[in-house]
Structure formats: structure tokens, C-alpha cells
2 protein chains.
Amino acid sequence: MNSEKIRALLAGVDLRATTQRVALLKELLEQAHPLSVEKLTQGMGNALDTATVYRTLDTFEEKGLVRKVELAQGRALYEHAGEHHHHIVCTECGVIQDVDVCLPKSVQGTVQRASGFANVNEHALEFFGVCKKCA
Amino acid sequence: MNSEKIRALLAGVDLRATTQRVALLKELLEQAHPLSVEKLTQGMGNALDTATVYRTLDTFEEKGLVRKVELAQGRALYEHAGEHHHHIVCTECGVIQDVDVCLPKSVQGTVQRASGFANVNEHALEFFGVCKKCA
DNA sequence: TCCTAGATGCAATTCATTCGCATCTGGATA
DNA sequence: TATCCAGATGCGAATGAATTGCATCTAGGA
């Protein structure tokens, strides 16, 4: 993914293409799985300040560029917001993998009726197991 | 729920029935929904030290008495481990409600085959929406 | 090229959670 | 029932992710 495409992505959501934003978005696109702020920062050679990474990720999330994934104990993970999908986590080593399984479409409607909520917009689904390497 | 029953629950999982454990378990059973450590402590009149609450909840979790629910931003919630169920969270006010919807039984098997994991033991499923009051 | 709203870096802060350690106590034993 | 001690608790200090205040810098339009 070259810089121009990344700058176009930023322009598409009305964000100034700062050096830091380009670097961070590139990192998120290249590492196509959920990453902690620490890993992201390391991946960019510690060039960005931690506070900047947090603020930028928040901005990206508001613009729909990234998704925040709360899987790990005590630290948030972020991934580029491609198509809707879920994850499976190894309870031994913590490795995270995408899965393409999702809920039957009818479920959110069922939940809405059963819960009495005015509407149901999203869901999060994670599986936990043991990966081959750890088994 | 009287103290004797609670002491029996503790004995059933080989835990000493201390004043603190009885109080905490009682609180968890009476408030039948996920609670933060802060709410739990308040609910017991701030009688227990925070560190004790954390340590006791960890112990309860190991023994299968409580389940830790990671829903809120930056703070864990705990609920008495009754039967397997999921939650729906209001994205406006944060209220959490149980839902009895679950995945079709076949899904974990599908995930196992698709992911290449050695086994799939658990899953977490949360819905997000807007409750009637906030709509 | 100039100008400024917005972005960044740095340091200090917040806040949930954990830990070290001295003291206390449940419950088994004599 | 009195004694004893492994395990539990309280307190305070420490940790670590995340946030914030503020001075400085810069992207990008004028």
C-alpha cells in the first residue's frame, strides 16, 4: 500500500494527511490483524508518541477507518475496519485469528424483540479455544 | 438468599467461608446482573477493601462461581455464573440486560474446522443497541 | 509564501488493578 | 473449648494503560 492511496483514504474521511496518520494507517493496513498500541508503535520504529497513537486511533475510529477490539486483558486492540468479521483467540498463547462465521441475519431482530430495546445495531462475537501450536 | 446457603456454596468449592466472601457472594447473587468492583463495594456499604474484592472475585472465578464480563470501557464487570447467556448493552446509557439468544450449536464446530484451532471451548457474544428509555 | 486551525510531543495525571507485607481469622486439631 | 497456622484481609504503595494540559509545529487553503 503506497502513501498516495493512504492519503486518499484520509482525504476521503476529511482528515489531514499528517506524517503520523499516514504511518499509522499504513501499519494498520499492512498488519491485517488486531494490534495493541504498543505493537503498533514498535512496528513504526517508535517514531510516534504514544499519546498521538491513542488520539489518532480515536479519530480513525470515529471516521470508521479502524475498529477497536476489546479482547485482551487490560489493553485495547485496533484493526483496520475491513468487512465485518469476528475473531478466535487462543487462551494459551493469545494469538488472534479472523473467522468468517457470523450470526444468522435474523438474530438481531429476535434480540430486539426479546430485549425490548428500541434497536440493535451491532454485535461482537469472539471464540476462545486452543490453537494447534499450543495443543 | 440466607447466609447458610451461601456458606454451603462456598464449602461446595472448597473455600473458607470468611465474612468478606459471604458478603460478596450474597451481593453477586442478589444483584443478578454484571457489576463493577466499585458498584459491588458500594452495595456492601464499602465494608470490604478493594484489593480484597479483586482477589476474592479472582478466586470465585477460578472456582466457577462468577464470570468476568468485559463490556465496559476500562473496567471489568462480574456476575454470578448462572447458566450460559449473553448481554445487550445500551450504547447511550450503558445499561446491561441479559438476552437468552445464543449461537446455533453447530457453530463452534464450524469455527473449529474453519480456523484450524485444535478446539473451541467458549464464546462471548454481546449486542449493542439503544434501550427504550434512551430512544 | 503566509497564516492558522488543527495535530503533535512531552510531561504530568488519572484511574483501574495488582502487589508486598504485617496482621488477623476460620476451622481443623488436640 | 483452647490452640494453632495456612490462608485471607487491610492498608499503602506500585504498576501500567490511557488521558490530558500546554507549548510548539505543520498541513494545506488563502
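In what follows, chains carry the letters A, B, and so on, assigned in the order in which the sequence lines appear, proteins first and then strands, with residues in each chain numbered from 1.
Residue pairs meeting the salt bridge (Lys or Arg N to Asp or Glu O under 4.0 Å) criterion with at least one partner in residues 78-98 of chain B, sequence neighbours excluded, are B/Arg67-B/Glu79. Pairs of residues two or more places apart, or lying in two chains, never qualify as ring pair (Phe, Tyr, Trp, His ring centres under 6.0 Å) while including a residue from residues 29-70 of chain B. Every pair passing side-chain hydrogen bond (donor to acceptor under 3.5 Å, both in side chains) that includes a residue from residues 117-126 of chain B is listed here, sequence neighbours excluded: B/His84-B/His123, B/His86-B/His123, B/Gln108-B/His123, B/Asn119-B/Asn121. Residue pairs meeting the salt bridge (Lys or Arg N to Asp or Glu O under 4.0 Å) criterion with at least one member in residues 27-54 of chain B, sequence neighbours excluded: B/Glu38-B/Arg75.
The separation between B/Tyr54 atom OH and D/dA14 atom C1' is 15 Å, rounded to whole Å. When rounded to the nearest whole Å, the span between NZ of A/Lys39 and C1' of D/dA17 equals 15 Å.
One axis for each end of the helix from C/dT1-D/dA30 to C/dA30-D/dT1, each built from five base pairs, and the angle between them comes to 30° at 10° resolution.
Distance check, rounded to the nearest 0.5 Å: OH of A/Tyr78 to CG of A/Leu65 gives 14.0 Å.
Evaluation of the side chain to side chain donor-acceptor pair (under 3.5 Å) rule for A/Asp100 yields no partner, not counting sequence neighbours. Residues that satisfy the side chain to side chain contact (heavy atoms under 4.5 Å, CB included) test with B/Ala23, not counting sequence neighbours, are B/Met44. Residues passing the side chain to side chain contact (heavy atoms under 4.5 Å, CB included) test with B/Lys5 are B/Met1, B/Asn2, sequence neighbours excluded. In this structure, A/His80 has no side chain to side chain donor-acceptor pair (under 3.5 Å) partners at least two apart in sequence or on a different chain.
Remark: the backbone N or O of B/Val13 is paired with a side-chain donor or acceptor of B/Lys63 at under 3.5 angstrom.
Contact footprint of chain A on DNA chain C: nucleotides with an atom under 4.0 Å from a non-hydrogen protein atom, first to last in 5' to 3' order, C/dA5 to C/dC10.
Grouping the Ile, Leu, Val, Met, Phe, Trp and Tyr side chains by contacts below 4.5 angstrom, directly or via other members, places A/Leu48 with A/Leu28. Hydrophobic clustering places A/Leu103 together with A/Val111 (ILVMFWY residues linked when any side-chain heavy atoms are closer than 4.5 Å, directly or through intermediates). Both A/Leu25 and A/Leu35 belong to a common hydrophobic cluster when Ile, Leu, Val, Met, Phe, Trp and Tyr are linked at side-chain heavy-atom distances under 4.5 angstrom.
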Task: Sequence-aligned protein contact record of nucleotides 4-11 of chain D, with B where the base is within under 4.0 Å of a protein heavy atom and S where only the sugar-phosphate is - done: --BSSBBB
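Of all the residues in residues 24-36 of chain A, not one reaches under 4.0 Å from DNA chain D with any non-hydrogen atom.
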